[in-house]
Each structure stands twice: as C-alpha cells, then as structure tokens.
Colleague: 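My structure is below; once you've seen it, I'll send some questions.
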Amino acid sequence: MNKPQPFLTITWRDNAVVMIDQRRLPHEEQYNVYTDVAGVAGAIRDMVIRGAPAIGVAAAYGVALAAHAASDGLSQMIDRVQAACDLLATTRPTAVNLFWAIERMSKTLKKAQQATPDQLRLALLEEARAIHDEDLALCHRIGEHGATLVPDTATVLTHCNAGALATAGHGTALGVIRSAVSAGKNVRVLADETRPFLQGARLTAWELARDGIDVTVIPDVAAPLLLSRKEVTLVVVGTDRVAANGDVANKIGTYGVALAAHANRIPFYVAAPWSTIDLDTKDGAAIPIENRPDEEVTHVFGKRIVPNAVPVLNPAFDVTPAALVTALITDRGIVRPPFGPGLAALA
C-alpha cells in the first residue's frame, strides 16, 4: 500500500492563501483558495483552519494578502493593511498566536512606511513566510524535546488535535508522538473524540492513521476510566495560550483530563511553541474564553439533536491550573514547576 502524499495545512500560492478545509475531514481532502483578507478571516472564524499556531500563520498570510490585493498608493495600502490586522484580530480571542502574528506583521508594516508599494508587499509576504517556516521548525524542536519524556513503550492519551493540521506541520502534541515514533519507540495513541466539534475523532485519528501510527479513538468520558486503570502511560496535549504562571488554556475537556491524570499520578504534559506563551497574562483567570455558535452542540452533521426550546452553552476552551501540569514542552526546552521562574528564565 502506497503511503499517502503529504498534505499542506496552509500555504501561499499564486498570490492567494490555500488551506485544507478541516471541516470536511476525514471524508474529503479539499483545499480552499482565498484571495482577500475577508475570506481568510472567515476561514479562521469558521474553523476551516484551527489550532493556535496555524491560526497565527493564517493571520500573517491574511495581512500579506491585504497588501497584494491593494492597487492604490502607499498611504491607501497602509490603511488597508491596518484594517486587515484589525479584522483578523476579531476572529478567535483565545488563541494568542493570532495576536502575536498580527503584531509581527504590524511591526513590519511600521518599518516599511517609506517603502514603495511593491517593497511593502514583498516585506509583508517575506515576514508571513518567515512565521510559517519558523513554526514548522519549532514543532520539530518541540517533538525532539518531548520525545525524551516518552518511554520506549507507551500509551499516550491526547485531547483535541495538536498535530500538523493545527500548525505549519509536524504538530505540537502530535509532534512529540511523531518524534518518539521516529526515534524507534513503540507508541500507541488514545485520541479523545473531543466534543462537540470532534477534532480528535475527525482530525487526530485521520493524521495518525495516515502516518501509520497506532491510534484508537475513545469517547471523552472514557478517559478517566482508562487513566484509573493505568492503561495510559502519559497525557500530552497542545494549548492555545499559556499564562505567565503556567496555567494553560486548551480545548474544552482538557481540564477534566488533567484532573483525572493528577488523581491517578499519570504525567500530564503540554506542548507549545514559544509564541503560545503569554507572559503578559498573569494567570488563567485573565485568558479570554471563546464561546462558539450553538449549532456546534445542537446539530450533528446537519441534523438537530437538541429540542428547539432548550438553550445551549458552548465554551470552546477551559483552563487547566498549573498545579496539574507535569511539564511544559516548548521549542526552547522542557519547563517544570514552578513555571513562573522557569518561563521567565527561558524568555
């Protein structure tokens, strides 16, 4: 059986942003082409692309796209690019990589105030490509560091999707798994289905099965049982934001997994690039939690399952306190408690 061709989460091609439509996976590998910043913003908001690092890359390309779409003079182009930054910043409030990438693009814009329109277009595109390339390299470094924490034979539990689909490639949590497998370790993965959007069942399982890595999907509610039976060696998840004290915001349901892991003395690791570390946010209480549309809960594959008159709460993330985190796996190294001094030292 031939190995599938590598997929691209996101790329720049012919002055357009191309993304794999993650909403259609695992059944259809469709690539969407976006030629304006409004399309990129919509793709981020509607979860065509998701995962904090991938959102950051998409935002950077969206800003570059605004410059390429503009045919006016320099002043009008600058205004248009700034408006693009403002629009993109409204899309996903919890993912700190979004704001980090926009800030980098804004700094590039400020440096090019005296440039020609063509020079500004080139500068913004080069910065977006640098963000993309850096993320891929960082994920491989995260994988290398994290693989040292994985025993030669291990069952790894993960939640949501923190793989190549959530990044420029390789992944954070799944990057740890991929690197461990590449090092010759015998790794089995248990993937929480991750309700209500099913990123674990649809995306993590698709990625790992595609790579020939042993993966089994479990209901979210099964994780505590398997942890209590010691059928899990370690937990590794990604994150959308890490506060200065080590509190971690990740996909809803992560906190419960961390509690069960802690109760059963199973290591709970969080993998993240440095761009996801937010030293300006004191603790998890200050992290904004995005609320998603009701339809993600009320409907399954287009069919309503909740009675019409019943309201829905759909927070997309929860915050895992630093006390439940065994270690943070970053591209700069592994950080153990107390996280405040450790993160400050790496910064």
Side-chain angles (χ1 to χ4, degrees), residues 51-54 56-57 95-97 99-101 103-104 130-152 154 156-160 162-164 166-185 187 189 233-250 254 257-258 261-262 266-284 287 319-347:
V57 174
V96 72
N97 299 66
F99 306 99
W100 169 83
E103 178 63 22
R104 278 187 59 168
I131 290 171
H132 188 169
D133 293 343
E134 287 167 19
D135 184 68
L136 181 57
L138 297 179
C139 285
H140 280 280
R141 288 205 289 274
I142 290 167
E144 291 167 5
H145 292 307
T148 65
L149 300 173
V150 180
D152 288 342
V156 180
L157 174 68
T158 191
H159 188 75
C160 195
T167 64
H170 197 61
T172 53
L174 298 196
V176 171
I177 291 166
R178 285 189 169 100
S179 293
V181 170
S182 294
K185 297 184 176 183
V187 178
V189 179
T233 312
L234 63 119
V235 180
V236 59
V237 300
T239 175
D240 284 67
R241 189 183 301 221
V242 179
N245 72 333
D247 289 350
V248 172
N250 194 46
T254 302
V257 173
H262 183 74
I266 305 295
F268 180 90
Y269 298 115
V270 179
W274 192 256
S275 55
T276 306
I277 311 297
D278 183 8
L279 297 181
D280 293 328
T281 296
K282 179 182 177 182
D283 55 36
I287 298 176
V319 175
T320 297
L324 300 180
V325 179
T326 306
L328 299 170
I329 307 167
T330 79
D331 51 281
R332 299 186 183 186
I334 296 170
V335 186
R336 297 184 181 275
F339 293 113
L343 291 172
L346 284 184

Colleague: Taking atom CD of Glu144 and atom CG of Asp331, what is their separation to the nearest 0.5 Å?
Modeller: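 Reported value, rounded in 0.5 Å steps: 11.0 Å.
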Colleague: Quick one: side-chain hydrogen bond (donor to acceptor under 3.5 Å, both in side chains) partners of Asn245, sequence neighbours excluded?
Modeller: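 Per chain and number, Asn245 pairs via side-chain hydrogen bond (donor to acceptor under 3.5 Å, both in side chains) with Asp247.
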Colleague: Nearest 0.5 Å please: distance from the OG atom of Ser179 over to the CG atom of Leu174.
Modeller: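 Answer for the OG-CG pair, Ser179 versus Leu174, is 10.5 Å.
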Colleague: Looking at every non-hydrogen atom in both residues, tell me the closest pair between His170 and Arg178 and how far apart they are.
Modeller: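 Looking at all heavy atoms of both residues, the closest pair is O-NH1, 2.8 Å.
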Colleague: Nearest 0.5 Å please: distance from the CH2 atom of Trp274 over to the CZ atom of Arg141.
Modeller: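 Trp274 CH2 to Arg141 CZ: 13.0 Å, rounded to 0.5 Å.
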Colleague: Which of these, Leu157, Thr172, Thr254, Thr320, sits in a side-chain contact (heavy atoms from CB on, under 4.5 Å) with Val237?
Modeller: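 Only match with Val237 under side-chain contact (heavy atoms from CB on, under 4.5 Å): Thr254.
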Colleague: Mind listing the closest non-hydrogen atom pair of Leu279 and Ala347 along with its distance?
Modeller: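 Heavy-atom minimum between the residues: CD1-CB, 3.5 Å.
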Colleague: What is the minimum heavy-atom distance between Pro53 and Ala166, and which atoms define it?
Modeller: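 Looks like CD-O, 3.4 Å.
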Colleague: Verify, without hydrogens or angle tests, whether Asp135 (side chain) and Ala168 (backbone) share a donor-acceptor contact under 3.5 angstrom.
Modeller: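 A pair under 3.5 Å: yes.
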Colleague: So among Thr239, Val242, Val270, which one has a side-chain contact (heavy atoms from CB on, under 4.5 Å) with Val325?
Modeller: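 So the option named by the test is Val270.
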Colleague: Should Val176 and Ile142 count as side-chain neighbours, where that means a heavy-atom distance under 4.5 Å?
Modeller: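 Yes, at least one pair of side-chain atoms sits under 4.5 Å.
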Colleague: Run the side-chain contact (heavy atoms from CB on, under 4.5 Å) check on Thr148 and Ile334 step by step: do they pass?
Modeller: CA-CA 10 Å; Thr148 65; Ile334 296 170; 3.9 Å; yes
Colleague: Which pair of non-hydrogen atoms, one from Thr233 and one from Pro151, has the smallest distance, and what is that distance?
Modeller: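 For Thr233 versus Pro151, the nearest heavy atoms are CG2-CG, 3.8 Å.
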Colleague: To the nearest 0.5 Å, how far apart are CZ in Phe268 and OG1 in Thr326?
Modeller: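 Between Phe268 CZ and Thr326 OG1, I get 8.0 Å after rounding to 0.5 Å.
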Colleague: Check Thr158, Val156, Leu149 against Leu234 for a side-chain contact (heavy atoms from CB on, under 4.5 Å) and give me the one that passes.
Modeller: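 So, applying the side-chain contact (heavy atoms from CB on, under 4.5 Å) to Leu234 and each of Thr158, Val156, Leu149, only Val156 qualifies.
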Colleague: OG/Ser275 to CD1/Ile131 distance, rounded to the nearest 0.5 angstrom?
Modeller: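 Ser275 atom OG to Ile131 atom CD1 measures 9.0 Å (nearest 0.5 Å).
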Colleague: Under the rule for side-chain hydrogen bond (donor to acceptor under 3.5 Å, both in side chains), what residues qualify as partners of Arg332, not counting sequence neighbours?
Modeller: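 Arg332 satisfies side-chain hydrogen bond (donor to acceptor under 3.5 Å, both in side chains) with no residue once adjacent residues are dropped.
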Colleague: Using side-chain contact (heavy atoms from CB on, under 4.5 Å) as the criterion, point out the one residue from Thr276, Leu346, Val248 that pairs with Leu328.
Modeller: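 Between Leu328 and the candidates, side-chain contact (heavy atoms from CB on, under 4.5 Å) is satisfied uniquely by Val248.
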Colleague: Mark yes or no for whether Thr281, through its side chain, and Asp283, through its backbone, hold a donor-acceptor pair below 3.5 Å.
Modeller: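 Side chain of Thr281 to backbone of Asp283, a donor-acceptor pair under 3.5 Å: no, none is there.
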Colleague: Pair Asp240, Asn250 - check side-chain contact (heavy atoms from CB on, under 4.5 Å), show working.
Modeller: CA-CA 6 Å; Asp240 284 67; Asn250 194 46; 4.0 Å; yes
Colleague: Might you point out which heavy atoms bring Gly171 and Cys139 nearest each other, and give the distance in Å?
Modeller: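 Looking at all heavy atoms of both residues, the closest pair is O-CB, 3.3 Å.
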Colleague: So with a 6.0 Å cut-off around NE2 of His145, is the heavy-atom count from everything else above 12?
Modeller: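 Counting other residues, nucleotides and ligands, NE2 of His145 exceeds 12 neighbours.
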Colleague: Rounded at 0.5 Å granularity, tell me how far CG in Asn97 sits from CD in Glu103.
Modeller: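 Between atom CG of Asn97 and atom CD of Glu103 there are 13.5 Å.
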